[in-house]
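Data block below; observations after.
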2 protein chains.
Amino acid sequence: MNISQVALRSGLPPKTIRYYEDIGLIAPDRGANGYRQFADEDVHKLTFLNRARALGFTIEDCRKLLALWEDQTRASSDVRALAREHLARIEMKIADLNDMRRTLADLVDACAGDDRPDCPILKRLDAPLDIRD
Amino acid sequence: MNISQVALRSGLPPKTIRYYEDIGLIAPDRGANGYRQFADEDVHKLTFLNRARALGFTIEDCRKLLALWEDQTRASSDVRALAREHLARIEMKIADLNDMRRTLADLVDACAGDDRPDCPILKRLDAPLDIRD
DNA sequence: ATAAGGGTTCCCCTTACTGGAAGGTCAAGG
DNA sequence: CCTTGACCTTCCAGTAAGGGGAACCCTTAT
């Protein structure tokens, strides 16, 4: 199977597949012409990677997940620990973004959005440093 | 004022301040010794930038916001439009992250997390491609 | 004189790819 | 046999927003 076929089946662009080989996530065979020759197992792995990435796991997480996936003697607690850490990171990101969202929404609401220069958004960014200063 | 003083006052690391000069957000004077000589206005701008960044605006957004900030004849609608677009991007990110969070939380809940290899998390990443296949 | 603690530039590193150039390969048609 | 077009290959550069560190200059105090 050539790379574009694998791209179709795994859902990953050819560029990404080459990149994943580069960083050692997969190791497809090569034909006499130098073309990558992918086995079904490669497609399987790439599909796995695509899904793990879609859940927001980093490449390094994916590397670990892949190793656990291939290790039939793994402990599910190891997988769970990875997922929990990742979940915690995501929850922190969401919290940060929610803070931004609230502030921004308030500011957008407070701004008249007309042709006058007065703007609470810019006021908020302008330096009220601190009263005590 | 030298750069470390400005770092303290603006809350930005010296590296970031140099970077912001590099990309043309600020243009401090130079002393005879080659040192950057910051005016209060520079500190003011940097503080503005720090806050805009803290609200998640990209550098390019910051560049536009800074221009509007300095333009006394601006229309607040221009500022508001920028903020609304940014708000929309943030809300999309939050939505994506919430999807991930839900899925991950379900998976973490479903995983026993013991020393057995059976794991719903890996199952979810494994390829159930499609039944019809 | 020298040591500490500023400052400066420069280049590489990060994440996870994406785009593009230059060139080899393959299958079909004239 | 030649060409054309669609593949494939490698390598180089760039993204966002800086961080780390080297090598070197400036200032001030001892």
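Keep in mind that what you see is a predicted model, and the values were worked out from it rather than measured. Here is how names work: the chains are called A, B, and so on, in the same order as the sequence lines, proteins then strands, and each is numbered from 1.
- Of the possible polar contacts, none joining the B/S10 side chain to the B/T47 backbone as a donor-acceptor pair under 3.5 Å is found.
- If you measure from atom CE of A/M1 to atom C1' of D/dC8, you get 16 Å, rounded to the nearest angstrom.
- Using a 4.0 Å cut-off between charged side-chain N and carboxylate O, B/K93 and A/D96 make no salt bridge.
- Using a cut-off of 4.0 Å between Lys/Arg side-chain N and Asp/Glu carboxylate O, A/E60 and A/R63 are scored as salt-bridged.
- Contacts between residues 87-100 of chain B and DNA chain C, defined by a heavy-atom separation under 4.0 Å, are absent.
- Rounded to whole angstrom, the span from the CD atom of A/Q37 across to the P atom of D/dC7 amounts to 16 Å.
- Whole-Å rounding puts the A/F57 CZ to C/dC17 P distance at 15 Å.
- Aromatic ring orientation, B/F48 versus B/W69: parallel (interplanar angle below 30°, classes split at 30° and 60°).
- A side-chain donor-acceptor contact under 3.5 Å links A/H86 to the backbone of A/L55.
- Salt-bridge formation is not detected for the pair A/D106/A/R124: no Lys NZ or Arg NE/NH1/NH2 atom is positioned less than 4.0 Å from an Asp or Glu carboxylate oxygen.
- Checking D/dG18, D/dT10, C/dG7 against every side-chain atom of B/I59, the shortest atom distance belongs to D/dG18.
- Taking only side-chain nitrogens and oxygens, B/R36 comes nearer than 4.0 Å to OP1 or OP2 of C/dT8.
- Between A/I121 atom CD1 and B/L65 atom CG the span is 8.5 Å, to the nearest 0.5 Å.
- Between the CD1 atom of B/I17 and the P atom of D/dA17 there is a distance of 17 Å, given to the nearest Å.
- For B/D40 and B/K45, the salt-bridge test fails: no basic side-chain N is under 4.0 Å from an acidic carboxylate O.
- Taking atom CD1 of residue A/I3 and atom P of nucleotide D/dA6, one finds them 19 Å apart after rounding to whole Å.
- Residue B/R53 is classed as a sugar-phosphate contact, given heavy-atom separations below 4.0 Å to backbone atoms only.
- Side chain of A/R51 to backbone of B/D126: a donor-acceptor contact under 3.5 angstrom is found.
- Within the nucleic acid shown, B/P14 has no heavy atom closer than 4.0 Å to any nucleic acid atom.
- Taking side-chain N and O atoms only, A/S4 has a distance below 4.0 Å to OP1 or OP2 of D/dC8.
- Put simply, B/R18 has no side-chain N or O that comes within less than 4.0 Å of OP1 or OP2 on D/dA17.
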| query | B/L49 and B/Y20: side chain to side chain contact (heavy atoms under 4.5 Å, CB included), yes or no, with the steps? | reply | CA-CA 9 Å; B/L49 289 168; B/Y20 286 176; 3.8 Å; yes
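- When the side-chain nitrogen and oxygen atoms of B/Y20 are compared with OP1 and OP2 of D/dG18, one or more of them lie within a distance under 4.0 Å.
- One can place CD of B/E21 at 17 Å from C1' of D/dA17, the figure rounded to the nearest angstrom.
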| request: Summarise protein proximity over nucleotides 21-27 of chain D in one line of letters, 5' to 3': B for base, S for sugar-phosphate only, - for none, counting protein heavy atoms closer than 4.0 Å. | output: B----BS
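- Ion pairing between a basic and an acidic side chain is recognised when a charged N comes within 4.0 Å of a carboxylate O; B/D114 and A/R80 show no such pairing.
- B/P14 and B/A7 make their closest contact through CD-CB, 3.8 Å (heavy atoms, listed as atom of the first residue, atom of the second, distance).
- Along DNA chain C, the nucleotide nearest to A/Y19 and the one nearest to A/A32 differ in position, and the one closer to the 5' end is contacted by A/Y19.
- Across the interface with DNA chain D, nearest-nucleotide mapping of A/Q5 and B/G56 shows A/Q5 to be the residue nearer the 5′ end.
- Rounded to whole Å, atom C1' of C/dA16 lies 8 Å from atom CD1 of A/I23.
- Taken over five-pair windows at either terminus, the axes of the helix from C/dA1-D/dT30 to C/dG30-D/dC1 are inclined to one another by 40° (rounded to 10 degrees).
- If you measure from atom CZ of A/R30 to atom P of C/dG24, you get 17 Å, rounded to the nearest angstrom.
- The existence of a salt bridge linking A/E91 and A/R84 is excluded, since no basic side-chain nitrogen approaches an acidic carboxylate oxygen closer than 4.0 Å.
- For D/dA17, neither phosphate oxygen OP1 nor OP2 lies less than 4.0 angstrom from any side-chain nitrogen or oxygen of B/T16.
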